[in-house]
Amino acid sequence: MKRAFYQRPVVEVARELIGCVVSHDRCAGVIVETEAYHDSEPACHAFVGLTNRTRVLFGPPGHAYLYRSYGIHACLNAVSEPEGVGAAVLIRALEPVEGIELMCERRGLERVEDLCSGPGKLTQALGIELEHNGCDLGRGPVVFARAPRAWRDVPVAVSKRIGITKAPDLPWRFCAVDSRCLSRPALSRA
DNA sequence: CATGGGATTGACT
DNA sequence: GTCAATCCCATGC
């Protein structure tokens, strides 16, 4: 997808990414859950301003921002808004569509619904790591592509973001309501 | 240089 | 429902 797609308000990008496809190393999945983060609110890593860590968040849109969560998991984001604004969309869940056998191997599981139903799970399933921080999502190795026809106009639900303590009430989480691969139910009661 | 806090997950009661 | 694993980074002394 082109840079213009990401160079928009981050909440809009988060909504539009539902149905798009993420690919890496022979595996791919359709995005079914996202959350928006913006430097104007304290839950966003970019809230602290420009540091070594947040450099990619403030950089040009359409790039990957990777961070380590709880010392264990890598989480994947798509940098959005114009350069100079620190904003990104957290990819929280995918429906596996390609390389399922390899995903099972990496995750040590068999149930397809459990392979990518969480931000730390999907990076493990696709083999995405911190070294992909800053990668151009149009060129790879991590690639985002437009939604397949069957995934356009699927019903999407909005709710509060999950697992955060700061700014917990912003309705910036988006889910494909009919998916069985969400990290939590679409209508989260926070 | 020491410290504390996570945008999580899986195992266990 | 509870809880620990584990590490990167921003902050403060």
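Quick note on labels: first sequence line is chain A, next is B, and so on, each numbered from 1.
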Check: With distance as the sole test, does A:Arg107 use its side chain to make a donor-acceptor pair with the main-chain N or O of A:Asp114 at under 3.5 Å?
Finding: yes
Check: For A:Arg107 and B:dG10, is the shortest distance between a side-chain N/O and OP1 or OP2 below 4.0 Å?
Finding: yes
Next item on the list: With the side chain of A:Arg53 defined as its heavy atoms from C-beta on, choose the nearest nucleotide among C:dA5, C:dT11, C:dC9.
Entry: C:dC9
Next item on the list: May I ask you to check whether A:His45 and A:Tyr37 place their ring centres under 6.0 Å from each other?
Entry: no
Margin query: With a cut-off of less than 4.0 Å, is there a side-chain N or O of A:Lys121 near OP1 or OP2 of B:dG10?
Written below: yes
Next item on the list: Look at the side-chain N and O atoms of A:His45 and state whether any lies under 4.0 Å from the OP1 or OP2 oxygen of B:dA7.
Entry: yes
Margin query: Using the six-membered base ring of B:dA7, report whether A:Tyr67 stacks on it, requiring centroids under 5.5 Å and planes under 30° apart.
Written below: no
Item checked: Polar side-chain atom of A:Ser80 near backbone of A:Ala78 as donor-acceptor pair, under 3.5 Å -> yes
Next item on the list: Count the heavy atoms of every other residue, nucleotide or ligand shown that sit under 6.0 Å from CZ of A:Arg152, and state whether that count exceeds 12.
Entry: yes
Next item on the list: Send over the distance from A:Lys166 NZ to B:dG5 P, rounded to a whole Å.
Entry: 10 Å
Next item on the list: Using whole Å, report how far CG of A:Leu115 lies from C1' of B:dG10.
Entry: 15 Å
Checklist line | Closest to the A:Tyr70 side chain, choosing from B:dA7, C:dC8, B:dG6 | finding: B:dG6
Notebook entry, point to check: Once you round it to whole Å, what is the distance between C1' of B:dT9 and CZ of A:Arg184?
Noted result: 12 Å
Margin query: In whole Å, I'd like the distance from the CD1 atom of A:Ile164 to the C1' atom of B:dA7.
Written below: 7 Å
Item checked: Candidates C:dT11, C:dC8, B:dT8 - which lies nearest the side chain of A:Val48 -> C:dT11
Next item on the list: Validate the cation-pi geometry between A:Arg8 and A:Phe5: distance from NZ or CZ to the six-membered ring centre under 6.0 Å, angle to the ring axis within 45°.
Entry: yes
Note to self: Less than 4.0 angstrom between a side-chain N/O of A:Ser69 and OP1 or OP2 of B:dA7, yes or no?
What the structure shows: no
Note to self: Counting only Watson-Crick pairs (N1-N3 plus N6-O4 or O6-N4) and G-U wobbles (N1-O2, O6-N3), all under 3.5 Å, who is the partner of B:dA2?
What the structure shows: C:dT11
Check: Roughly how many Å is it from NE2 in A:His73 to P in C:dC7, rounded to a whole number?
Finding: 12 Å
Notebook entry, point to check: Starting at the 5' end of DNA chain B and moving along, which residue's nearest nucleotide shows up first, A:Leu90 or A:Asp114?
Noted result: A:Leu90
Next item on the list: Using only side-chain N and O atoms of A:Arg92, determine if any of them is under 4.0 Å from OP1 or OP2 of B:dT8.
Entry: yes
